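These notes concern the structure reproduced below.
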Amino acid sequence: MIGTGYVGLVSGVCFSDLGNDVICVDNNLNKINDLKNGIIPIYEPGLEELVKKNYKNNSLKFSNDLNDAVSKSDIIFICVGTPTKKNSNAADLTQVYNVSRQIRNSINKYKIIITKSTVPVTTGEEIEKILSQKKSKNLFNVVSNPEFLREGEAIRDFMYPDRIVIGTKSKKANKILRNLYSPLISKGSKYINTSRKAAELIKYASNSFLATKITFINEIANLCEKININVEDISIGMGFDKRIGSRFLRPGPAYGGSCFPKDTKAITITANKSKVNLSVIKSVIKSNENRTSLLLKRVFKILQNKINKKNICFLGVTFKANTDDMRDSPSLSMIPALVKKGAKVNYYDPTGEKSDFSKLKNVFFKKNIKLALHNTDLVIIHTEWNDFKALNFKSLISKKNFAIYDMRNIYSPEKLKLANIKYFGVGR
Ligand code: NAD
């Protein structure tokens with residue numbers, strides 16, 4: 001596994017748990033040293049135990065020597081980052097191509113080189129060109145095997161995927177990979193062998209569709225707020241339709257994270273190159289970008305536009321629960337906007353303090369929920385951690401007149417109204 005981040009580490013440890021010998025490589029030496037010492041660089045439920053177990057029995061190794069790891073391996077997964085380019089919506093493939101050039105030097109026998117990173121259509125062709133500059137095409141196959149795991153549920157998602165997508169026309173590579181994934185196929189996962197380009201696009205189309213679903217219900221929630229309907233009734237009413245399905249129909253803040261924002265942008269660039277206008281996805285991106293200011297306007301309204309010197313408490317700052325990933329989290333734009341207007345922000349996140357806010361004046365990480373909530377005027381429930389689901393706000397907050405803006409609709413409006421608490425949800 002090249003790249004030992006959220007995808008590479010989880011996939012690597014799971015493959016080793018399935019009985020394979022795995023080397024996880026990263027060029028971040030601190031990360032590799034930490035892992036060798038049992039320190040897990042990311043928060044992902046269940047990961048630490050699985051890493052320790054497989055490291056101890058020697059089926060999982062960590063290394064910063066890419067060439068050595070490649071020369072010893074039959075199957076190489078590229079799991080490095082593909083962020084958005086600076087000043088463009090396109091995917092930045094620098095890490096993927098750098099790694100490909102390095103791999104090329106160590107191909108000493110037949111190897112399958114796989115992109116598990118999310119890469120635009122035709123990246124596989126480009127990698128093939130890079131490798132064939134120095135090595136005979138008989139010595140390798142370049143395959144697309146996009147990863148669909150979700151942070152927070154990554155191990156379960158890896159071990160029980162809905163589908164495994166393998167993009168290759170090579171019968172040899174397909175046979176080896178079907179065998180690699182056979183423990184998951186025998187538990188019921190669908191194995192789909194398709195063209196490499198189709199596999200690359202399946203990933204982008206899937207993420208764009210999910211982002212569209214979230215954005216759709218977020219906009220329906222906006223309408224519900226105006227006409228006094230509970231959006232949850234709409235989600236339930238829609239979700240039972242099997243053509244629609246109930247998942248990803250819960251409104252909240254803008255979608256964030258390391259995938260949806262960058263992948264929706266990158267697919268529009270791929271389409272633009274072919275002179276195809278993906279107008280639905282483009283409007284999803286726009287709607288999502290507007291969402292943070294829409295939710296901020298609601299915050300201003302709740303505080304009657306008196307933001308200066310108000311104490312605001314954020315419960316959770318990551319883009320979703322059960323992860324420490326801050327990439328493109330809505331809190332990254334909400335918190336600075338509030339302190340700019342004079343608010344003082346306390347925040348608590350179960351995954352600890354975030355360096356993203358360390359340079360901001362008047363933003364304070366608190367060690368526990370109690371310290372974060374004390375003396376607050378407005379509680380913003382930003383992330384849906386279980387830790388926030390059964391709080392007795394009245395006993396935790398010293399001020400009498402506080403309000404709650406529950407951006408995840410965790411609490412019952414009726415119950416909080418009965419308790420005489422000013423409560424606002426999303427789309428209800
Ligand atoms: P990440 O940033 O957590 O990990 C990438 C790792 O690659 C880092 O540890 C980095 O140090 C390492 N790296 C970069 N260049 C390297 C090099 N030359 N040699 C060795 N290591 C190198 O990224 P991630 O979240 O794991 O995502 C990786 C890819 O998987 C992306 O394309 C992403 O879109 C895709 N993906 C991510 C998720 C997710 O939930 N995070 C899910 C599915 C797919």
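Fair warning: this is a prediction, and the values are worked out from it, not measured in the lab. All ligand and atom numbering here is 1-based and tracks the order in the structure.
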Specify side chain, backbone, both or neither for [X], according to which of its non-hydrogen atoms lie closer than 4.0 Å to ligand 1.
X	result
N98	neither
C259	side chain
R327	side chain

Nearest non-hydrogen protein atom, [atom]:
atom	answer
atom 4 (O) of ligand 1	G5 CA, 3.2 Å
atom 35 (C) of ligand 1	T118 OG1, 3.5 Å
atom 14 (C) of ligand 1	Q95 OE1, 3.1 Å
atom 7 (O) of ligand 1	G3 CA, 3.3 Å
atom 17 (C) of ligand 1	N27 ND2, 3.3 Å
atom 42 (C) of ligand 1	L149 O, 3.4 Å

| request: In plain terms, say whether R196 and E128 are close enough for a salt bridge, that is, a side-chain N and a carboxylate O under 4.0 Å apart. | output: yes

Taking K129 first and then E126, would you say they form a salt bridge - that is, a charged N and a carboxylate O separated by under 4.0 Å?
yes

Compare [options] and give the one whose heavy atom is closest to [atom].
atom	options	result
atom 29 (C) of ligand 1	N30, V80, V7, D263	V80
atom 11 (O) of ligand 1	N28, I78, D26, V25	D26
atom 43 (C) of ligand 1	E147, R150, Q102, K262	E147
atom 41 (N) of ligand 1	K31, E151, K203, E153	E151

Per salt bridge (Lys or Arg N to Asp or Glu O under 4.0 Å), R150 is matched among D157, D325, D162 by D157

The residue among V345, L338, I302, V317 that forms side chain to side chain contact (heavy atoms under 4.5 Å, CB included) with I380 is L338

- Message: Using a 6.0 Å cut-off, check whether atom CZ of F365 has over 12 heavy atoms from anything other than its own residue.
- Response: yes

The complete set of salt bridge (Lys or Arg N to Asp or Glu O under 4.0 Å) pairs with one or both residues in residues 83-110, sequence neighbours excluded, reads D74-K109

Distance under 4.0 Å to a non-hydrogen atom of [X]: what atoms of ligand 1 satisfy this?
X	result
G81	5 (C)
T82	31 (C), 32 (O), 34 (O)
S258	39 (C), 41 (N)

In R408, R250, K320, the residue satisfying side-chain hydrogen bond (donor to acceptor under 3.5 Å, both in side chains) with E384 is R250

Sorted by chain and residue number, the ring-ring contact (aromatic ring centres under 6.0 Å, His included) partners of F357 (sequence neighbours excluded) come out as Y347

Between E200 and T123, the two heavy atoms sitting closest are OE2-N, 3.6 Å

